[in-house]
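Here's the structure we're looking at; comments come further down.
Read the numbers this way: they start at 1 and go in the same order the structure lists the ligands and their atoms. Since this is a predicted model, take the numbers as computed values, not measurements. Values reported hereafter were calculated over all heavy atoms of this structure, with side chains retained and with hydrogens, waters and symmetry mates removed.
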Amino acid sequence: MQGSANLNLMKKAARKVGRALVKDFREVENLQVSSKGPGDFVTRADREAEKMLREELLGGRPTYGFLGEESKETDGADPTRRWIVDPLDGTTNFLHGLPHWAISIALEHKGDIIAGVIFDAAKDEMFWAEKGGGAWMNESRLRVSGRRSMIESIFATAIPFGGKGTLPATLQDLARISPVTAGVRSWGSAALNMAYVAAGRFDGYWARGVQPWDIAAGIVMVREAGGMVSAIREGDDPLVKGSIVACNEPLFEGFRKVVRGE
Ligand code: IPD
Ligand code: CA
Ligand code: CA
């Protein structure tokens, strides 16, 4: 499957930054044992990765806007298109030498996400999707899982850390969801949670307090893999409200009800 020129630009940028981050990740593994730890090094690597993505993406499409986690938003001459980028999603995993992190790049057109790339560089898994073109991992077509029963299904979420305000609600979610499922995973990368739902590895994902760059690429990926995505509350936009439910179609309504506590 051949993607559009935009998609090829996104993949090329993700690969370039992926190579740099894999080198940095090896260094982080060495720094674990040093007394200073890898904190400052990772902060620098993260910022450098976003700088590279900005150069690549705006170099290729100078009129587009740019929203990245590490820098402030830049308006483009074309107000209808913008890149939404997380240079390193799963920073805490990266910092701890855990190979579960990704580069996430989305292209938004008139408020709609039309293409997404989530690159797990440590495992060389390039997840990509384009509206109307399906969802893919490397050269394989992706489909969400076919499970129809919650009790056989695995759901991903984020257990908030560091005193985040979303912790009490998430703990209540867990008390409702864990007993009626085959398990909940909190692996520390929102982007990969979405990619894994698209790949049928997780049956669904929900989260509160997510940012547009965490989920934008994943939205088109899950939908193109045949799944459904919405905010937790009916009618809200996940990119604006920062809450998300992503799931295969048979489980979606039931799962969203459990998430809402209905
Ligand atoms: C975080 C991860 C994490 C999610 C947090 C995000 P970062 O992104 O996606 O899984 O629970 O809400 O902030 O900081 O690693 O880019
Ligand atoms: Ca993130
Ligand atoms: Ca990040």
Practice problem: Can you sort out which atoms of ligand 1 are near Glu69, meaning under 4.0 Å from one of its heavy atoms? | Solution: 16 (O)
Practice problem: Return the name of the atom in Asp214, of element N, O or S, nearest to the Ca ion (ligand 2). | Solution: OD1
Self-check item: Polar proximity ligand 1 side, Ala191 side, N/O cut 3.5 Å exclusive
Solution: no
Self-check item: Heavy-atom nearest option to atom 5 (C) of ligand 1, drawn from Lys164, Met194, Gln211
Solution: Lys164
Self-check item: Where ligand 1 meets Ala158 - atom numbers and elements under 4.0 angstrom, heavy-atom basis
Solution: 11 (O)
Quiz item: Is the CZ atom of Arg141 crowded by more than 12 outside heavy atoms at less than 6.0 Å?
Solution: yes
Self-check item: N/O donor-acceptor pair under 3.5 Å between Trp128 side chain and Asn138 backbone
Solution: yes
Quiz item: So which heavy atom in the protein is nearest atom 3 (C) of ligand 1, and how far is it from that ligand atom?
Solution: Gly188 O, 3.7 Å
Quiz prompt | Atom name in Glu69, limited to N/O/S, at shortest distance from the Ca ion (ligand 3) | solution = OE1
Quiz item: For ligand 1, which atoms have a heavy atom of Ser189 less than 4.0 angstrom away?
Solution: 9 (O), 10 (O)
Quiz prompt | Per-atom contacts, ligand 1 versus Thr91 - under 4.0 Å to a heavy atom | solution = 7 (P), 14 (O), 15 (O), 16 (O)
Self-check item: Heteroatom of Asp89 nearest to the Ca ion (ligand 2) (N, O or S, atom name)
Solution: OD1
Quiz item: What's the shortest distance from atom 13 (O) of ligand 1 to any protein heavy atom, and which residue and atom give it?
Solution: Asp214 OD2, 4.0 Å
Quiz item: Does an N or O from Ala190, backbone or side chain, lie closer than 3.5 Å to an N or O of ligand 1?
Solution: yes
Quiz item: With a cut-off of 6.0 Å (strictly less than), are more than 12 heavy atoms of other residues, nucleotides or ligands near CZ of Arg26?
Solution: no
Practice problem: Would you verify whether the NZ or CZ of Lys257 falls within 45 degrees of the ring axis of Phe255 while also being under 6.0 Å from that six-membered ring's centre? | Solution: no
Exercise. For Asp89, take its heavy atoms, then give the atoms of ligand 1 lying under 4.0 Å from any of them.
Key: 1 (C), 2 (C), 7 (P), 8 (O), 9 (O), 15 (O), 16 (O)
Quiz item: Quick check: does any side chain N or O of Asn248 sit under 3.5 Å from a backbone N or O of Ser145, one acting as donor and the other as acceptor?
Solution: yes
Quiz prompt | Proximal ligand 1 atoms for Asp86, defined as those under 4.0 Å from one of its heavy atoms | solution = 16 (O)
Quiz item: Should the pair Arg82 and Phe66 be classed as cation-pi, given the thresholds of under 6.0 Å to the six-membered ring centre and 45° from the axis?
Solution: no
Quiz prompt | Leu88 atom O and Asp86 atom OD1 as seen from the Ca ion (ligand 3), angle to 10 degrees | solution = 80°
Quiz item: Is the shortest side-chain N to carboxylate O distance from Glu56 to Lys12 below 4.0 Å?
Solution: yes
Quiz item: According to the interplanar angle, ranging from 0 to 90°, do the rings of Tyr196 and Phe127 count as parallel (below 30°), tilted (30 to 60°) or perpendicular (above 60°)?
Solution: tilted
Quiz item: Do Val229 and Leu107 belong together in a cluster built from hydrophobic side chains that touch within less than 4.5 Å?
Solution: no
Self-check item: Enclosure of Lys123 NZ (heavy-atom neighbours >12, cutoff 6.0 Å)
Solution: yes
